[in-house]
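Read through the structure below, which is laid out as structure tokens, and then see the notes.
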Amino acid sequence: MVGETLIRALCAAVAAIGFGAVSNPCRRSFAVIGLLAAAGYALRYVLMQGAGIDIATATLLASMLIGFGSLWLGKVIHSPMTTLYIPALLPMVPGMYAYKAVFSIILFMQNLSDPVQAAVHLNAFFLNVIVTVSVILCMTVGASLPMFLFARRAISLTRGRKKPGA
Amino acid sequence: MHNSQKLKEITVFIADYASVLLGSGVHCTRVIRNSRRIGESFGLDIKMTVFASSIILTVIDAAEDEMCTEVVVIPQIPVSFELNSELSALSWRVHDNPMGIGALKAEYQALLAKPRLNSWIVTFLVSLANACFCRLFEGNLGAMTVVFVTTFIGFRLLRFLKKNRVDHFLAVILVSFVSSALASLSVFLQEVDANIAVATSVLFMVPGVPLITGVIDILENHTLIGFARLMRAFMIVLCLAVGLSCSMVIFQKGLLW
């Protein structure tokens, strides 16, 4: 399990850096984004696989770790929290559940004449949508929590940042 | 103390600053706070109303009993975390070491002129990211390779469509269809987890920034703009689903599990 956790943490770091690149982050924040993503994803994986915690609760705790990490490291590199934790959260987006929800709609529409099959697909659709929405909500609330708890510190992270080229 | 012309100049600057900050994906409270901070450095008070596509800003000079109002449209610019950080830092710099409006404008223009990351490097990084994402969904090496290639093609296509000013929602549908259809071809390759490859192939377009800033805006009582952002994110996800559904209907038999 340790080996698999490390591989997943590495993949999460690469995924966060790559997806973050679309939003044009500062060059110095790449390493922090990767570190936060790896730590958050690894924690969620261990909580789910090792402790048997459900995906929503595990995501909430992992995103809190990412949120507190971005508050601390944001001060070090003078970057706002959101520019660090948004890309770091992306590897935890429940893409497979969203995909299954879309697939369930297609299968539901194609089985309207068979009430039993239609009910199975409709049930699968709601299950996947509920998991997707819950996980996204937990991600956002968990990572934003430190911003509300330590508001004064969170709003002054960019204070003292050097002028570019200075 | 400012004369009317100076007050107008400061108002136009702060309105432009706020609109660019909001356009680059910053949540509402921070835009208001940073703008107020700049206003305070000139001894001015600022009242702002933020809508999804425009900002109404009133700058008040209490000493002269004068005020100036400006309405500005929020530009449709790509999200930029660097601009987000640099513009926030600029508001602190002018707050801690007050400077003239001329010097402030010069520094602001220099920040806006900074080039973004090279587009081919971004394409490579996004493709690699999506391939790693595929691994997180239990995809094997074959699926990761397929996802890397389809993401590379899809991302370049998205850039091309945006450059040619194709509507963003239409572009997402097209790219989602092309990426997932290419990934669906892997149903003919036995060593590839086709379902995982198809599911992951479109995820590079998930609108993470508006999804998260939308929730933050709602939590901070800016419900209107929060919902507008979430609605936009939802529309993009819907477009992703439409493009994905089209290719899934075509390749359905190979994808059923």
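In what follows, chains carry the letters A, B, and so on, assigned in the order in which the sequence lines appear, proteins first and then strands, with residues in each chain numbered from 1.
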_Closest approach of Phe133(B) to Val93(A) (non-hydrogen atoms, all atoms of both residues)_ = CZ-O, 3.8 Å
_Over all atoms of both residues, closest heavy-atom pair of Val14(A) and Ala129(B)_ = O-CB, 3.8 Å
_Minimum heavy-atom separation for Ile155(A) and Arg33(B), please, with both atom names._
CG2-CZ, 2.9 Å
*Under a 4.5 Å heavy-atom cutoff, which of Pro25(A), Pro80(A), Ala21(A) has the most pairs with chain B?*
Pro80(A)
*Ser156(A), part contacting chain B, at a heavy-atom distance under 4.5 Å*: both
*When heavy-atom pairs shorter than 4.5 Å are enumerated against chain A, which of Leu83(B), Leu136(B), Val122(B), Ile196(B) gives the highest number?*
Leu136(B)
*Tell me, with the steps shown, if His95(B) and Arg159(A) meet side chain to side chain contact (heavy atoms under 4.5 Å, CB included).*
CA-CA 10 Å; His95(B) 176 268; Arg159(A) 193 174 197 172; 3.9 Å; yes
*Asn118(B) atom CG, neighbour heavy-atom count above 12 within 6.0 Å*: yes
*Using a 4.5 Å cut-off on heavy atoms from C-beta on, say whether the side chain of Phe81(B) contacts that of Pro87(A).*
yes
*asked:* Counting only non-hydrogen atoms closer than 4.5 Å, does Tyr41(A) touch chain B with its backbone (N, CA, C, O), its side chain (CB onward), both, or neither?
replied: side chain
*Ile105(A) versus chain B, the contacting section by heavy-atom distance below 4.5 Å*: neither
_Best-contacting candidate, Gly20(A), Ser29(A), Pro91(A), Ala16(A), against chain B by heavy atom pairs under 4.5 angstrom_ = Pro91(A)
*asked:* Using side-chain heavy atoms (C-beta onward) and a distance below 4.5 Å, is Val206(B) in contact with Phe19(A)?
replied: no
_Taking Glu82(B) first and then Arg28(A), would you say they form a salt bridge - that is, a charged N and a carboxylate O separated by under 4.0 Å?_
no
_With side chain to side chain contact (heavy atoms under 4.5 Å, CB included) as the criterion, how do Thr213(B) and Ile86(A) come out once you've worked through the C-alpha distance, each side chain's angles and the decisive distance to 0.1 Å?_
CA-CA 9 Å; Thr213(B) 47; Ile86(A) 293 178; 4.3 Å; yes
*Using a cut-off of 6.0 Å, state whether more than 12 heavy atoms not belonging to Phe160(B) lie near its atom CZ.*
no
*Against chain A, label Arg159(B) side chain, backbone, both or neither, depending on which of its atoms sit under 4.5 Å from a heavy atom there.*
neither
*Quick one: what part of Leu244(B) sits under 4.5 Å from any heavy atom of chain A, side chain, backbone, both or neither?*
side chain
_Proximal component of Tyr97(A), with respect to chain B [non-hydrogen, under 4.5 Å]_ = neither
_How close do Ser85(B) and Cys26(A) get, counting heavy atoms only, and between which atoms?_
OG-SG, 3.9 Å
*Interatomic distance, Arg30(B) atom CZ to Thr158(A) atom OG1 [nearest 0.5 angstrom]*: 6.5 Å
*Just give me the residue among Val22(A), Leu137(A), Leu10(A) that pairs up with chain B most often, heavy atom to heavy atom, under 4.5 Å.*
Val22(A)
*Name the option with the most non-hydrogen atom pairs under 4.5 Å to chain B; the candidates are Ile17(A), Thr83(A), Asn24(A), Val141(A).*
Asn24(A)
*Count the heavy atoms belonging to other residues, nucleotides or ligands that lie under 6.0 Å from CZ of Phe169(B), then report whether that count exceeds 12.*
yes
*asked:* So for Ser23(A), is it side chain, backbone, both, or neither that comes closer than 4.5 Å to the heavy atoms of chain B?
replied: both
*Under the side chain to side chain contact (heavy atoms under 4.5 Å, CB included) rule, what do Ile212(B) and Thr82(A) come out as? Steps first, then yes or no, please.*
CA-CA 9 Å; Ile212(B) 295 170; Thr82(A) 47; 5.9 Å; no
_Heavy-atom count check: over 12 atoms from other residues, nucleotides or ligands less than 6.0 Å from Leu141(B) CG?_
no
*asked:* Within the supplied structure, the quantity of interest is the number of heavy atoms (other residues, nucleotides, ligands) at a distance under 6.0 Å from Met99(B) CE; does it exceed 12?
replied: yes
*Pick one of side chain, backbone, both or neither for Phe124(B), based on which atoms fall under 4.5 Å of a heavy atom in chain A.*
neither
*Non-hydrogen atoms of chain B under 4.5 Å away: do they reach the side chain of Ile7(A), the backbone, both or neither?*
side chain
_What's the separation between atom CE in Met139(A) and atom CG in Leu211(B), rounded to the nearest 0.5 Å?_
8.0 Å
*Return the option, out of Asn84(B), Leu240(B), Leu203(B), with the maximum number of heavy-atom pairs under 4.5 Å with chain A.*
Asn84(B)
*Between CE on residue Met81(A) and NE2 on residue His27(B), distance to nearest 0.5 Å*: 9.0 Å
*Relative to chain A, which segment of Asp96(B) carries a heavy atom at a distance below 4.5 Å: side chain, backbone, both, or neither?*
side chain
*Between chain B and each of Gly18(A), Ala13(A), Ala98(A), count heavy-atom pairs under 4.5 Å; write down the option with the most.*
Gly18(A)
*About how many Å separate CG of Asn195(B) and CE of Met96(A), when rounded to the nearest 0.5 Å?*
7.5 Å
*Of the backbone (N, CA, C, O) and the side chain (C-beta and beyond), which part of Arg116(B) lies under 4.5 Å from a heavy atom of chain A, both, or neither?*
both
